[in-house]
J.: 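Okay, here's the structure, questions in a sec.
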Protein chains: 2
Amino acid sequence: MTPMAQALIEAGKAAARGEVPVGAVVTDAAGAVLAAFGNEVEARKDATAHAEMLALRAAALRLGGKFLPGCTLTVTLEPCPLCAAAASLFRIERLVFGAYDPKSGGVEHGPRVFEQTTCHHRPDVVGGVAERESAELLTNFFKTRRDPANSAGR
Amino acid sequence: MTPMAQALIEAGKAAARGEVPVGAVVTDAAGAVLAAFGNEVEARKDATAHAEMLALRAAALRLGGKFLPGCTLTVTLEPCPLCAAAASLFRIERLVFGAYDPKSGGVEHGPRVFEQTTCHHRPDVVGGVAERESAELLTNFFKTRRDPANSAGR
């Protein structure tokens with residue numbers, strides 16, 4: 001299974017738990033999966049418990065260091081500024097993401113975290129991988145919610 | 001004691017532990033301290049274990065919700081993009097910070113997280129409070145380190 005396929009599964013599991021469906025996987029230089037998480041904002045009552053944050057922290061814990069050199073972060077949605085900044089701080093080598101997020105994204109939109117001179121580590125970025133599947137999970141999730149306020153962020 | 005005085009104490013304790021000296025305090029609407037942390041990047045081997053992240057998460061855990069309405073985050077250094085984004089996600093009402101950080105800051109420098117249309121909650125911001133004391137802690141800390149690489153981020 002590709003990391004994106006696994007991230008999509010994590011996103012689907014998040015939706016089933018009532019979480020905004022975003023999934024993230026961290027793989028090492030050899031492609032081995034170090035951590036895979038879905039969004040857990042509701043379960044943990046933590047506004048920063050985004051899939052990427054959980055996967056990055058768990059992967060670092062597993063490797064036993066504070067950085068993730070040579071690792072790839074694969075996520076179904078363009079990371080927000082929080083998660084983009086975290087990927088940089090953990091020195092992720094490569095970021096692969098699915099759907100673009102013009103509303104809350106921090107990589108290709110808004111603050112464009114990696115493009116700033118204050119960004120001291122820039123991963124290689126590939127966006128739009130499995131874009132349709134990633135976006136559909138989100139669209140279907142918000143379609144079933146009647147409160148439009150639910151669509152603002154996670 | 002003011003929240004900034006307490007944040008400075010946390011920053012000093014962080015320095016004594018070999019951590020980059022940054023301290024953060026979250027207070028509720030009545031001014032009661034909900035959480036106070038220094039930087040724990042080295043201790044936790046977690047590149048995102050910034051004082052602000054730890055204080056915000058602990059405060060939310062204490063209040064039992066995923067947001068921190070009416071709360072103030074007081075921190076000795078201008079938050080980086082990660083921590084600025086976290087403050088927004090937690091819906092912090094007010095951010096008070098000490099020293100400005102032209103090299104890695106995300107509020108008044110670089111991505112200026114709160115000024116983006118992708119930012120859905122903007123706290124009131126007051127910078128430069130106890131600026132000299134906050135900056136001196138950092139300057140003294142890095143003066144004792146011989147490796148210039150140590151001065152890049154936390």
Side-chain angles (χ1 to χ4, degrees), chain A residues 19 40-50 52-54 56-69 78-92 101-121 149 151-154, chain B residues 19 40-50 52-54 56-69 78-92 101-121 149 151-154:
Chain A
E19 303 274 0
E40 294 192 16
V41 166
E42 304 304 329
R44 298 189 187 216
K45 292 182 183 171
D46 174 354
T48 62
H50 289 182
E52 303 95 307
M53 288 296 292
L54 302 177
L56 289 166
R57 288 213 306 267
L61 200 63
R62 186 145 165 206
L63 287 188
K66 64 175 175 171
F67 300 128
L68 293 167
E78 177 187 345
C80 76
L82 175 91
C83 296
S88 175
L89 287 168
F90 274 117
R91 302 190 188 170
I92 277 284
D101 188 0
K103 198 167 61 188
S104 306
V107 177
E108 306 287 345
H109 300 90
R112 298 176 194 270
V113 169
F114 304 139
E115 294 177 23
Q116 308 295 333
T117 54
T118 45
C119 180
H120 307 301
H121 175 88
S151 69
R154 297 185 202 177
Chain B
E19 305 272 359
E40 294 192 15
V41 166
E42 304 303 330
R44 298 190 187 216
K45 291 181 182 171
D46 174 354
T48 63
H50 290 183
E52 304 96 305
M53 289 295 293
L54 302 177
L56 289 165
R57 288 213 307 266
L61 200 64
R62 186 145 165 206
L63 286 188
K66 63 176 176 171
F67 300 128
L68 294 167
E78 177 187 345
C80 77
L82 175 92
C83 296
S88 174
L89 287 167
F90 275 116
R91 301 189 188 170
I92 277 285
D101 188 0
K103 197 167 64 185
S104 306
V107 176
E108 306 287 347
H109 299 90
R112 298 174 192 272
V113 168
F114 303 139
E115 295 179 21
Q116 307 295 333
T117 55
T118 46
C119 180
H120 307 301
H121 174 87
S151 69
R154 295 184 206 178

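Here is how names work: the chains are called A, B, and so on, in the same order as the sequence lines, proteins then strands, and each is numbered from 1. Here the structure is a predicted model, which means the values were calculated and not measured.
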J.: Count the heavy-atom pairs under 4.5 Å between each of B:A85, B:P102, B:G64, B:G110 and chain A, then report the option with the highest count.
T.: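 Maximum pair count with chain A is reached by B:G110.
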
J.: Look at A:M53, A:H121, A:R112, A:E115 and state which one has the largest set of heavy-atom pairs under 4.5 Å with chain B.
T.: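 Looking at each option in turn, the highest pair count goes to A:M53.
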
J.: Go through the steps for B:L56 and A:T48 under the test side-chain contact (heavy atoms from CB on, under 4.5 Å), then give the verdict.
T.: CA-CA 9 Å; B:L56 289 165; A:T48 62; over 6 Å; no

J.: Supply the atom-to-atom distance B:C80 SG to A:L89 CG, rounded to the nearest 0.5 angstrom.
T.: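 That separation rounds to 5.5 Å.
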
J.: Among the options A:S88, A:G65, A:A60, A:C119, pick out the one with the most heavy-atom pairs lying under 4.5 Å from chain B.
T.: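 Sorted descending by pairs with chain B, the first entry is A:G65.
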
J.: Just jot down the salt bridge (charged side-chain N to carboxylate O under 4.0 Å, His left out) partners of B:R44, sequence neighbours excluded, or say none.
T.: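 Testing B:R44 for salt bridge (charged side-chain N to carboxylate O under 4.0 Å, His left out), a comparison that skips the adjacent residues, returns B:E40.
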
J.: So do the side chains of B:K66 and A:V41 get within less than 4.5 Å of each other, counting heavy atoms only?
T.: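 Yes, side chains in contact.
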
J.: Counting N and O atoms only, with roles assigned by atom type, does the side chain of B:H109 sit under 3.5 Å from a partner on the main chain of A:T117, one being a donor and the other an acceptor?
T.: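 Side chain of B:H109 to backbone of A:T117: no pair is present.
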
J.: Taking all atoms of both residues into account, what is the closest heavy-atom pair of A:A47 and B:F90, and its distance?
T.: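 Smallest heavy-atom distance, with atoms named: N-CE2, 3.6 Å.
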
J.: Can you name the salt bridge (charged side-chain N to carboxylate O under 4.0 Å, His left out) partners of A:R57, sequence neighbours left out?
T.: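 With neighbours one apart ignored, the set is B:D46.
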
J.: So, for A:P111 and B:T118, which heavy atoms are closest and what is the spacing to 0.1 Å?
T.: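 That closest heavy-atom pairing would be CD-OG1, 3.4 Å.
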
